[in-house]
Every structure is written in structure tokens, then in C-alpha cells.
Visitor: 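Here you go, one structure.
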Amino acid sequence: MASRNYGWELLAASLTITLALIHVVEANSEGDALYALRRSLSDPDRVLQSWDPTLVNPCTWFHVTCNQDNRVTRVDLGNSNLSGHLAPELGKLEHIQYLELYKNNIQGTIPSELGNLKNLISLDLYNNNLTGRIPTSLGKLKSLVFLRLNDNRLTGPIPRELTAIPSLKVVDVSSNDLCGTIPTTGPFGHIPLQNFENNPRLEGPELLGLASYDTNCN
């Protein structure tokens, strides 16, 4: 009987160690993702100086918030004088809820991999220098409440995939170079028109069944 109990104790200890190692590996992968972001950015004010990839996890880094399981839930880098581009590795931060990178000089496109952030509540990329299209993959962010992409240089139509996000309350894409019509279904029925202003090629609200929503996009 004693040997059987000892066997169970060994199994329990082994499971505990395995789970601990899984947490370390996951934390390391998140640290790797954030360090990829650091490498893709120019940081003259050294706000990312504490982002040390040799640490077990990134939860001690400045501007990073973690939950009790040491998983990254928030990155706050707004108004930090950063330039460069967004790393696609950000799509590996599967527990993140707030990604705040507003008021910098970040260039390039919005990575489609951000559509993998299934727990994301707020995506704030406004007041940067982003180009390209709004990824259709953002329509997979079923927890998203705030999407602020205003004051960039984004082009293309507003993805209709965004209309299928039931939690979406705030959308601001003003002051870009978007084209086509403004969605009116789903959460877009409650978004004020001023949040679409200053897009010279963007027409008014779509008339369902009467016109293609990507007019003026050629």
C-alpha cells in the first residue's frame, strides 16, 4: 500500500513539474514575442530598456502587466516616442487584453496576426504612421470593445468582418485614406459618423443591397 501511495506521489510531483515547465515555456514565448517587438522599434528615450530577454518571463518589464499566472495581459507604450514597425510575433500574446501603442511614429502595416489575440479588449494604434489595409482578421477578435485606428495613413475599405464583433462599442478610423462606404450593420449602427471623418475617398453609410461597399477603392 505504501509503495502505491509513493507511486501516486511521484506522479503528482511529475505533473506539477510538467505544468510549471509549461508555464515557463509559455511565459518565455510571450517574452520572445515582446522582444521581437523591441527589436523592430527604434527607442530613443529607452523606455524599453528593461525588456531583458534573459529573464524567465516579461512580467518584471516596465510597461508590461501580467495576470497571476504570469501571462501578459497588457502592454502600455502609448506616447513613448517609438518608431519602426509592429512585429507579427505580437499575435502570440494570446492572453493580452490591452495593446496600447498610440501616439508614436510606428510605420508599416498592421500585422494580420493580431487577429489571433482572442482575449483582446482594446486595440489602440491611433496617431501613428501606419499604412496598408485594416486586416480582415481583426474580425476574429470577439472580445474587442475599443478599436481606435484614427490619424494614420490606412487605405482600403472598412472590413465588413468587423460588423460581426458583438462586443464592439468604439470604432474610430477618422483621418486616414479609407475608401468605400461606412458599415451600418451590427455594432456600426451605433458608431457616430464623426469617427469616420477625414477620409476623402470614404463615402457615406452603405445602402444595403444597392451598392458595393468598396466603391472608390480602385
Side-chain angles (χ1 to χ4, degrees), residues 18-149 152 154 159 161-162 165 167-168:
T18 300
L19 290 172
L21 286 173
I22 288 173
H23 274 299
V24 169
V25 170
E26 289 176 339
N28 279 341
S29 69
E30 292 188 332
D32 291 344
L34 288 176
Y35 193 64
L37 175 65
R38 178 184 174 177
R39 291 197 310 270
S40 70
L41 295 174
S42 176
D43 177 26
D45 295 341
R46 305 185 75 179
V47 297
L48 304 177
Q49 186 176 5
S50 67
W51 289 29
D52 183 350
T54 64
L55 300 178
V56 174
N57 65 60
C59 297
T60 59
W61 299 358
F62 290 148
H63 313 292
V64 174
T65 304
C66 292
N67 61 17
Q68 60 186 9
D69 296 320
N70 289 329
R71 307 303 301 274
V72 175
T73 58
R74 186 170 186 129
V75 174
D76 288 289
L77 289 170
N79 200 20
S80 296
N81 196 26
L82 300 170
S83 58
H85 64 274
L86 299 176
E89 287 86 351
L90 287 172
K92 297 177 181 178
L93 301 175
E94 59 181 45
H95 290 266
I96 194 168
Q97 296 177 325
Y98 297 86
L99 184 55
E100 309 295 325
L101 289 161
Y102 56 88
K103 291 186 179 179
N104 287 292
N105 189 31
I106 299 172
Q107 302 174 336
T109 59
I110 300 172
S112 61
E113 289 82 357
L114 296 189
N116 298 328
L117 305 179
K118 58 185 178 182
N119 291 298
L120 198 63
I121 294 172
S122 177
L123 179 59
D124 281 325
L125 302 176
Y126 62 89
N127 280 105
N128 276 288
N129 203 20
L130 295 167
T131 55
R133 296 189 169 217
I134 301 171
T136 59
S137 61
L138 298 187
K140 297 189 296 181
L141 302 177
K142 300 307 181 185
S143 299
L144 196 65
V145 179
F146 306 99
L147 177 63
R148 287 175 280 235
L149 305 175
N152 280 286
L154 297 169
E161 288 81 358
L162 298 177
I165 303 177
S167 55
L168 200 56

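If you're wondering where the values come from, they're calculated on a predicted model, not measured in any experiment. Sequence positions, counted from 1, serve as the residue numbers for this chain.
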Visitor: Find the distance between CG (Leu141) and CG (Asn119) and round it off to the nearest 0.5 Å.
Guide: 10.0 Å
Visitor: If you round to the nearest 0.5 Å, how far is OG of Ser80 from CG of Leu48?
Guide: 7.5 Å
Visitor: Let me have the donor-acceptor pairs involving side chains of residues 105-117, under 3.5 Å, with sequence neighbours excluded, atom names and distances please.
Guide:
{"residue": "Asn116", "atom": "ND2", "partner": "Glu113", "partner atom": "O", "Å": "3.4"}

Visitor: List in chain and number order the residues that pass side-chain contact (heavy atoms from CB on, under 4.5 Å) with Ser143, two or more places apart in sequence or in another chain; answer none if no residue qualifies.
Guide: none
Visitor: Can you give me the closest heavy-atom contact between Leu144 and Leu123, atom names plus distance?
Guide: CD1-N, 4.0 Å
Visitor: Checking Asn67 now: which residues fulfil side chain to side chain donor-acceptor pair (under 3.5 Å) with it, not counting sequence neighbours?
Guide: none
Visitor: Might you point out which heavy atoms bring Val72 and Val75 nearest each other, and give the distance in Å?
Guide: CG1-CG2, 4.1 Å
Visitor: Do you know the tightest heavy-atom contact between Leu99 and Leu90?
Guide: CD2-CD1, 4.5 Å
Visitor: Is there any salt bridge (Lys or Arg N to Asp or Glu O under 4.0 Å) pair reaching into residues 134-144, and which pairs are they, with sequence neighbours excluded?
Guide: none
Visitor: Could you pull out all residues at least two apart from Asp76 that satisfy salt bridge (charged side-chain N to carboxylate O under 4.0 Å, His left out)?
Guide: Arg74
Visitor: With sequence neighbours left out, write down each residue that passes side chain to side chain donor-acceptor pair (under 3.5 Å) with Asn79, or none if nothing qualifies.
Guide: none
Visitor: Which atom pair, heavy atoms only, marks the closest approach of Glu30 to Lys92?
Guide: CG-O, 4.5 Å
Visitor: Is it true that a side-chain atom of Glu89 and a backbone atom of Ala36 form a donor plus acceptor pair closer than 3.5 Å?
Guide: no
Visitor: Show me the pairs that pass ring pair (Phe, Tyr, Trp, His ring centres under 6.0 Å) and involve residues 46-68, at least two apart or across chains.
Guide: Trp51-Trp61
Visitor: Which disulfide (SG to SG under 2.5 Å) pairs, counting each pair once, include a residue from residues 75-133, with sequence neighbours left out?
Guide: none
Visitor: Determine which pairs satisfy disulfide (SG to SG under 2.5 Å) with at least one residue from residues 82-126, sequence neighbours left out, and list them in order.
Guide: none
Visitor: Between Asp52 (side chain) and Thr54 (backbone), is there a donor-acceptor pair under 3.5 Å?
Guide: yes
Visitor: Looking at every heavy atom in both Leu147 and Leu162, which two are closest together, and how far apart are they?
Guide: CD2-CD1, 4.0 Å
Visitor: Would you please test Leu55 and Asn57 for side-chain contact (heavy atoms from CB on, under 4.5 Å) and show each step?
Guide: CA-CA 5 Å; Leu55 300 178; Asn57 65 60; over 6 Å; no
Visitor: Can you name the one residue among Leu34, Thr65, Leu120 that meets side-chain contact (heavy atoms from CB on, under 4.5 Å) with Ile96?
Guide: Leu120
Visitor: What side chain to side chain donor-acceptor pair (under 3.5 Å) pairs are there with at least one residue in residues 124-138, not counting sequence neighbours?
Guide: Ser122-Asp124, Asp124-Arg148, Asn129-Arg153
Visitor: Would you mind listing every side chain to side chain donor-acceptor pair (under 3.5 Å) that reaches into residues 34-47, with sequence neighbours excluded?
Guide: Asp45-Asn81
Visitor: Looking at Asn104 and Leu77, what are the two nearest heavy atoms and their distance?
Guide: ND2-O, 2.9 Å
Visitor: Flag the pair Lys118 and Glu94 as a salt bridge only when some basic side-chain nitrogen lies within less than 4.0 angstrom of an acidic carboxylate oxygen.
Guide: no
Visitor: Going by the disulfide (SG to SG under 2.5 Å) test, which pairs reach into residues 39-70, not counting sequence neighbours?
Guide: Cys59-Cys66
